[in-house]
Amino acid sequence: MLFRSVLLVEDDPSVAASVIDGLKGAGLAVTHVDQGGAAIAHVAAHQPDIVLLDLGLPDMDGQDVCRQIRSTSQVPIIILSARGDEIDQVLALEFGADDYIVKPFGIRALVARIKAVGRRAVAAPSESTAVQPIGPIVIDRRQQKVFVSDEEIHLTPKED
Ligand code: CA
């Protein structure tokens, strides 16, 4: 298991209780909050290894919570989506999530998603190394683009 500390953002007490039990059984340390504002504050203060985020929260829309976390942190985020949330993977990726799982889900399926996201997080360069500014030059490894003074420089593939 690559992740140790999990932030669970879920306002349904019964869903939260079963997720907490299951993840603790898988050897993970779980912090639980039931509001979006508390989730954003927790990520900023404690930098968990992964966030499990319910979309329907009492104080904020989960998509906004996701965007706000993503504006300051590259922590992996898995959306816990209720059936009827009309979320698909494209939408989830657009607001910055790494994956999503549809309720009701089994704990083993959730742990498998957490492991898969963990492997991708390790394989991919982090944001801090993916986008690298050097004076007026910005190298974006993720998009494989180079910008000089905000203008993209077109590079040709290196020949062997
Ligand atoms: Ca909810």
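Whatever order the structure lists ligands and atoms in, that order sets their numbers, starting from 1.
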Identify every side-chain donor-acceptor pair in residues 14-23 under 3.5 Å, counting partners at least two apart or on other chains, and give the distances.
{"unit_1": "Ser14", "atom_1": "OG", "unit_2": "Asp12", "atom_2": "OD1", "d": "2.9"}
{"unit_1": "Ser18", "atom_1": "OG", "unit_2": "Val15", "atom_2": "O", "d": "3.1"}

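- Under a 3.5 Å cut-off, the side chain of Asp49 and the backbone N or O of Val6 do not form any donor-acceptor pair.
- His32 contributes a side-chain N or O that, together with a main-chain N or O of Glu10, makes up a donor-acceptor pair within less than 3.5 Å.
- Checked for salt-bridge contact, Asp61 and Arg67 miss the test: no charged N lies under 4.0 Å from a carboxylate O.
- In this structure Pro13 satisfies the side-chain contact (heavy atoms from CB on, under 4.5 Å) test with no other residue, sequence neighbours excluded.
- For the Ca ion (ligand 1), protein N, O or S atoms under 3.0 Å: 3 in total.
- Every residue two or more places apart in sequence or in another chain was checked for a side-chain hydrogen bond (donor to acceptor under 3.5 Å, both in side chains) with Asp59, and none qualifies.
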